[in-house]
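Please read the structure below before turning to the comments.
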Number of protein chains: 2
Amino acid sequence: MQPITSRQREVLDYIAGFVDRNGYPPTLREIAGHLKVSGTLGVMKHLDALEQRGYLRRQSGSSRGIILAGRTAQTASIPVAGVVRAGLPQPAIEDIEDRLAIDCSLVKGGTFFLRVRGDSMINAAVMDGDLALVRPQATAENRDIVVAMVDGEATLKRFYRCEDHIRLQPENPGMEPIIVRNGEGEVAIVGKVVGIYRPLD
Amino acid sequence: MQPITSRQREVLDYIAGFVDRNGYPPTLREIAGHLKVSGTLGVMKHLDALEQRGYLRRQSGSSRGIILAGRTAQTASIPVAGVVRAGLPQPAIEDIEDRLAIDCSLVKGGTFFLRVRGDSMINAAVMDGDLALVRPQATAENRDIVVAMVDGEATLKRFYRCEDHIRLQPENPGMEPIIVRNGEGEVAIVGKVVGIYRPLD
DNA sequence: GATATTGGTTATCATTTGAAAACCTATCAT
DNA sequence: ATGATAGGTTTTCAAATGATAACCAATATC
């Protein structure tokens with residue numbers, strides 16, 4: 001990130017704190033009040049400078065339209081999906097059961113929770129009923145745990161790409177892998193599993 | 001939480017999504033636009049209803065002054081502890097590795113994360129390196145997974161209280177339970193495990 | 001010395017926005 | 001039938017808010 005002046009840092013820190021305390025960003029005048037300056041032009045200039053250097057984005061014309069870079073919100077509210085339908089380019093999520101807030105360091109893009117059904121990943125310590133944190137993406141690396149669409153249903157499998165086929169391997173000795181040879185059939189990767197959460201209470 | 005109508009649910013979901021996308025809440029008119037209604041009074045009534053039922057708070061007179069319950073306030077920043085020391089009445093936590101934000105529906109009191117070491121709970125699908133969400137309490141119910149102090153170290157075990165002894169059962173066939181007869185020795189329960197989180201990225 | 005850059009003042013203006021009044025229309029339980 | 005409740009329209013108003021103009025001053029930088 002490009003360097004900023006101490007005054008600009010002051011503005012940035014105030015905005016970040018304000019968002020934490022209130023859940024929404026301050027107005028120009030609220031910032032001005034904190035800086036103990038009158039008028040909004042000085043504030044505008046600071047915001048312009050911070051925007052140019054990539055520290056925030058502004059929604060012009062909109063009150064409180066300040067978006068801090070790297071923290072759409074410090075915590076994101078993640079939908080918990082019961083069913084995932086593979087629509088392209090973005091998978092549509094149906095049956096949103098609930099929402100959970102989670103740390104943004106774990107979240108990018110349209111991440112969502114998917115409730116795991118079945119025991120196909122039991123050897124990876126993923127149980128029926130767990131919540132899989134899924135980051136949508138159409139491709140995967142070997143050994144990634146992915147959500148893939150098979151027969152219109154979303155399943156969790158470990159992903160392997162070989163020379164002439166793709167293998168979706170369950171982590172359950174009693175279950176057979178799904179093998180799709182190149183050119184035969186299609187594997188729709190919905191996303192990669194980046195976390196597992198299991199409420200026990 | 002008190003029940004709300006489907007229309008009110010629609011408003012609440014829209015606000016939650018808006019905050020996620022933009023980092024700040026919508027105005028009354030933005031909500032009205034989404035509901036495809038003209039005028040702001042209908043929206044005001046929904047917000048009033050939602051506020052009365054505790055789903056949000058409003059900052060009157062302030063634009064975008066909507067604070068969702070379960071966000072700013074109800075998202076807690078939880079310490080991730082590397083080591084737990086059994087001090088009474090509250091266990092002290094040393095070596096705070098990090099902090100994670102998590103939904104408050106899962107959090108009460110001084111809840112904290114503890115990094116799991118070892119495979120003692122492998123059959124309960126808890127792996128080495130997982131983060132156990134621990135709610136501090138000195139007692140437990142049968143079959144609860146608890147954090148207990150044994151030889152000055154915190155371990156995860158399943159808790160059983162029988163007539164004349166307490167048994168701390170590992171969920172690992174290769175490990176022996178710890179049995180403490182009434183009057184002989186002491187079992188210090190640090191807390192109950194109310195969730196498991198495993199980052200995979 | 002010329003000239004950016006940063007940070008500021010005061011004042012003004014057009015919009016955006018929250019709030020409210022007056023009134024309408026279903027639905028549902030008493 | 002008769003309210004209560006949820007949900008809505010149109011209109012209006014005052015306050016909050018972003019934007020901009022005209023201008024000032026200190027501090028670098030070339």
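Here is the naming used below: chain letters follow the sequence lines, and residue numbers restart at 1 for every chain.
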Contacts satisfying salt bridge (Lys or Arg N to Asp or Glu O under 4.0 Å) that involve residues 120-130 of chain B (not counting sequence neighbours) are B:Arg117-B:Asp128, B:Asp130-B:Arg198

How long is the line joining CZ of A:Arg64 and P of C:dG18, in whole Å? 9 Å

Please work out if B:Ser63 contacts a base, only the sugar-phosphate, or nothing of the nucleic acid, heavy-atom cut-off 4.0 Å. sugar-phosphate

By nearest-heavy-atom nucleotide on DNA chain C, the more 5' of B:Leu28 and A:Val43 is A:Val43

Can you classify the ring geometry of B:Tyr14 versus B:His34 as parallel (below 30°), tilted (30 to 60°) or perpendicular (above 60°)? parallel

Base, sugar-phosphate or nothing for B:Ser38? Non-hydrogen atoms, less than 4.0 Å. base

Heavy atoms under 4.0 Å, any strand shown: does A:Thr40 hit a base, just sugar-phosphate, or nothing? base

Side chain of B:Leu41, heavy atoms from C-beta onward: which of C:dG8, C:dA20, C:dT17 has the nearest atom to it? C:dA20

Sort me out a list of protein N/O and nucleotides 4-6 of chain C N/O pairs below 3.5 Å, or just none if empty.
unit_1: C:dT6; atom_1: OP1; unit_2: A:Arg53; atom_2: NH2; d: 3.0

Restricting to pairs with a member in residues 157-169 of chain A, which pass salt bridge (Lys or Arg N to Asp or Glu O under 4.0 Å), not counting sequence neighbours? A:Arg158-A:Glu171, A:Asp164-A:Arg181

Nucleotide of C:dA19, D:dT17, C:dG8 approaching A:Val37 most closely (side-chain heavy atoms): C:dG8

Closest approach to the side chain of A:Arg58, judged atom by atom: which nucleotide of D:dA19, C:dA21, C:dT17 is it? D:dA19

